[in-house]
Amino acid sequence: MQLFDKIRTEIVNATKRQFGSSIEPGSIPVGPTKKEFEGDMTVVIFPLVKLLRKSPVEIGHLFGEHLQKHVAAIESFNVVQGFINLTLTETFWKQFLKDNVHNDQFGRAPKNGEKVMIEFSSPNTNKPLHLGHIRNILLGWSCSKILECVGYEVVKVQVINDRGIAICKSMLAWQRYGNGETPESSGKKGDHLVGEYYVKFEKVFVEEYEAWQKGEAAGALFDERKDKSQSRDDFFKAYKNKYFNEYSALGEAAREMLIKWENNDEEVKSLWSTMNGWVYSGFDATYDRLGVNFDKLYYESDTWKLGKDEVLEGVRKNVFFKKEDGSIWVDLSTLGMDEKILLRADGTSVYMTQDIGTAMSRYRDYGIDHMVYVVADEQNYHFKVLFQILELLEEPYAEGLYHLAYGMVDLPSGKMKSREGTVVDADDLIDDVIAEAKKVASERGDLEGLTEAEKDEIFRRIGMAALKYFILKVNPQKRMTFDPEASVDMQGTTGPYIQNAYVRIRSIGRKLEGAIGDPADYEGIADSEKTLLLQLFLYPEVVKKAAADYDPSGIANYLYDLAKNYHRFYHDLPILNADDGAKSFRITLNQLVANVLTHGMDLLGIEMPDRM
RNA sequence: GGUCCUAUAGCUCAACUGGAUAGAGCAGCUGCCUUCUAAGCAGCAGGUUUCAGGUUCGAGUCCUGAUGGGAUCACCA
């Protein structure tokens with residue numbers, strides 16, 4: 001913020017003039033004053049004590065006087081220990097309010113000419129979206145809004161994992177047990193329908209596996225096992241994948257289907273596109289309800305062969321090396337990582353190969369400066385390796401790569417496990433929060449005179465606000481506990497609490513009659529007004545920091561504080577019934593608060609209702 | 001076992017990246033609707049920031065170690 005910079009610059013000037021020492025402006029902490037102390041802004045001068053060899057209080061007074069003289073906005077100051085607390089003039093605050101109430105660029109930064117691509121969601125097409133995807137999607141969406149707000153050109157993309165053994169499992173189960181069921185014939189949402197067949201496959205497979213465990217071959221294997229202390233259950237639990245790949249008839253059928261797919265078998269491909277089509281229409285419906293969209297979709301079926309040529313090129317450049325069996329590797333052991341395979345001996349690629357190729361083609365297509373991958377933190381190592389490889393290959397955008405790693409979402413009962421059926425489905429969750437919003441709003445809301453459609457829209461906005469805010473208020477990198485009961489809460493630190501502050505402002509707006517005067521005519525700004533002004537003043541900084549950290553939670557917490565301070569102001573002071581000067585000032589303040597609340601919530605992907 | 005992440009009130013989360021007396025919400029207990037929406041406001045209670053050392057004017061934050069929890073260490077994606 002300009003004022004912060006100005007204060008820092010003057011501290012630097014004073015240090016130079018009075019002590020002949022030069023210091024970095026960035027080394028001086030300046031921030032809002034804690035509310036127990038008198039003042040608006042605080043400068044911490046402890047860092048200068050050693051250099052200047054004077055007591056903190058002496059320096060404080062010296063610099064306080066200097067600041068007062070050279071910064072017009074400063075009315076007075078006091079010194080406590082090593083802190084200079086500055087009080088700003090009422091003129092400054094009134095000007096701030098007038099300057100920004102109609103400034104639609106407040107909180108935004110001009111275009112910076114840089115382009116960032118952000119990848120998020122990235123579902124598999126064998127089952128519907130769940131709570132984990134929701135955290136991913138909300139983070140990705142919010143970050144893209146925030147980055148755009150601070151001046152980046154943003155390209156939102158998702159990778160759709162539409163091929164591989166998983167989708168073959170759903171297809172096989174549908175073929176065998178589906179009796180031609182379609183979303184139309186059953187009335188089921190496409191992604192849910194396909195997901196049901198995936199579950200069906202797993203169920204039949206487990207039955208097959210359990211029957212096999214009772215047979216002679218399995219008994220012999222168990223007797224030969226290396227770790228004699230292992231129980232029978234543990235042994236077969238660990239053996240499951242191997243059984244799938246080596247003994248299972250079902251597994252073999254699924255693998256055959258995958259091979260047919262890779263060989264472009266007409267029947268398999270046709271079933272594949274039909275079933276994926278069902279899934280896509282299901283996903284689209286969910287994305288729509290979440291209010292998100294993408295600029296570009298990458299289908300793995302198109303990109304899975306990418307990267308081979310680049311890896312071979314890397315061998316020629318001696319960045320990678322070839323082993324005796326013909327497989328290609330990268331050695332990262334000098335960087336504290338392991339060797340990593342990039343191409344199998346038979347020339348087929350692995351996950352990493354594809355990611356290398358995809359990154360390069362994205363750069364070719366879009367000329368991006370930055371690339372953000374929103375992917376769960378279980379893949380931290382993968383991205384560390386990927387970024388290192390791209391750096392070794394001297395890719396021009398290598399410095400601009402960022403893995404936005406977020407923690408897993410747990411339930412109060414523990415980890416979500418698809419095998420145990422404890423996964424929270426995205427659509428169910430959305431239904432629940434909207435139903436709860438409807439219930440609460442019907443009891444407590446003030447929605448008289450609205451049509452059913454208007455009411456439904458309000459219920460939707462409130463419910464979605466509860467859900468989105470609940471997830472986004474938590475720092476992304478932290479693992480979070482998702483309590484379904486708490487997520488539909490509408491009191492306290494919640495989305496609806498913030499919406500309520502806005503709704504109160506709107507309600508006053510509807511009741512306001514006639515034009516208001518100049519807010520600058522008001523004298524004697526009250527504490528609860530000053531608190532709001534100070535906080536509004538900090539908004540652009542909050543957005544900037546959120547962008548720098550790729551972290552929407554800072555904005556979420558800021559908005560809660562702002563709403564809280566507004567509720568207090570609303571409670572303490574009359575607005576419509578105030579004297580003319582106070583009324584003009586408070587109405588204007590109302591407007592700026594409403595603007596910032598709306599703008600900030602929009603950065604979180606949350607819409608405001610006019611009434612609730 | 002190696003590497004990385006994490007530990008703050010009964011529960012869920014904050015703490016301006018080293019600054020002042022660690023803050024909110026939920027749950028519990030008290031008050032406040034004939035004044036602009038009570039989805040609100042005010043108050044009470046709740047803490048040796050997992051533990052042990054260290055660095056300095058100053059540590060929840062940085063360093064070392066221990067302990068608990070998690071992730072990862074596939075020619076799966």
Side-chain angles (χ1 to χ4, degrees), chain A residues 29-34 36-37 42 44 46-47 49-50 56 80-83 85 122 124 159 161 163-166 241 300 304 325 327 329 336-338 340-346 348-352 354-355 376-382 384 405 407-408 410 412 415 437 440-441 443-446 462 466 470 473-475 477-483 485-486 489-501 503-512 538 541-542 545 549 553-554 556-558 560-561 563-564 566-568 570-578 586 590 611-612:
Chain A
V30 184
T33 302
K34 295 227 169 196
E36 306 90 78
F37 298 90
T42 295
V44 185
F46 277 115
V49 171
K50 216 173 204 174
V80 182
Q81 295 172 43
F83 302 92
N85 299 319
S122 308
N124 297 322
V159 169
N161 301 298
R163 62 167 288 278
I165 195 76
N241 264 338
E300 201 204 347
W304 68 297
D325 66 356
S327 57
W329 297 71
M337 289 173 264
D338 297 325
K340 185 85 193 170
I341 190 162
L342 300 175
L343 272 183
R344 298 188 187 105
D346 64 5
T348 54
S349 51
V350 294
Y351 182 35
M352 191 63 76
Q354 210 185 115
D355 269 1
D377 63 6
E378 59 190 354
Q379 293 199 42
N380 282 355
Y381 186 69
H382 171 79
K384 205 173 151 193
M408 291 284 160
D410 292 321
K415 217 180 151 177
V440 174
E443 283 168 15
R444 261 186 291 219
D446 176 16
I462 297 172
F470 187 78
K473 74 177 173 185
V474 182
N475 186 318
Q477 74 181 85
K478 285 195 169 176
R479 220 181 158 88
M480 71 172 283
T481 305
F482 184 88
D483 182 346
E485 309 241 334
D489 237 334
M490 316 248 160
Q491 285 163 53
T493 318
T494 66
Y497 175 94
I498 297 166
Q499 289 178 322
N500 188 228
V503 164
R504 285 178 144 181
I505 294 172
R506 296 287 297 162
S507 177
I508 288 175
R510 281 192 297 271
K511 290 182 174 142
L512 178 68
L538 295 172
E541 288 295 304
V542 171
K545 186 168 148 51
D549 298 347
S553 71
N557 290 310
Y558 167 88
Y560 170 73
D561 282 337
K564 189 178 171 63
Y566 182 78
H567 281 304
R568 188 202 302 258
Y570 178 92
H571 182 266
D572 288 353
L573 298 170
I575 299 168
L576 288 172
N577 302 326
R586 288 175 193 158
N590 257 2
R611 294 173 60 177
M612 67 193 286

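Within every chain, numbering begins at 1; the chains are lettered A, B, ... in the order of the sequence lines, protein sequences first and strands thereafter. For the numbers below, each heavy atom of this structure counts, side chains included, while hydrogens, waters and symmetry mates do not.
Between the C1' atoms of B/C75 and B/A71, the separation comes to 22 Å (whole Å). Between B/A74 and B/U12, the distance separating the two P atoms is 33 Å to the nearest Å. B/U8 and B/A22 have their C1' atoms separated by 8 Å, given to the nearest Å.
The partner of B/G1 is B/C73, by the rule that a Watson-Crick or G-U pair needs both atom distances under 3.5 Å. Under the Watson-Crick or G-U wobble criterion, with both distances below 3.5 Å, B/G43 is paired with B/C29. The partner of B/U48 cannot be assigned: no Watson-Crick or G-U wobble pair with both contacts below 3.5 Å exists in any strand. Base pairing analysis places B/A14 opposite nothing; no Watson-Crick or G-U wobble pair with both distances below 3.5 Å involves it. Pairing for B/G60 is absent, judged as Watson-Crick or G-U wobble with the two contacts each under 3.5 Å. Both distances falling under 3.5 Å, in either a Watson-Crick or a G-U wobble arrangement, occur for no nucleotide opposite B/A22. Pairing for B/C36 is absent, judged as Watson-Crick or G-U wobble with the two contacts each under 3.5 Å.
Between A/H571 and A/M480, the one whose closest nucleotide on RNA chain B sits nearer the 5' end is A/M480.
Side-chain rings of A/F470 and A/F482 approach one another, their centers coming within less than 6.0 Å.
Residues A/S553 and A/V474 are not in side-chain contact: their nearest non-hydrogen atoms beyond the backbone lie 4.5 Å or more apart. Contact of the A/K384 side chain with the A/Q379 side chain is not registered, since no non-hydrogen atoms from C-beta on lie closer than 4.5 Å.
For B/U12, the O4'-C1' to base torsion is more than 90° from 0; the nucleotide is therefore anti. Nucleotide B/C16 carries an anti base; the chi torsion (O4'-C1'-N9-C4 or O4'-C1'-N1-C2) is more than 90° from 0.
The aromatic rings of A/Y351 and A/H382 lie parallel to each other, their planes meeting at an angle below 30°, with 60° marking the opposite boundary.
The span of RNA chain B lying next to chain A, judged by atoms under 4.0 Å from heavy atoms, is bounded 5' to 3' by B/U6 to B/A77.
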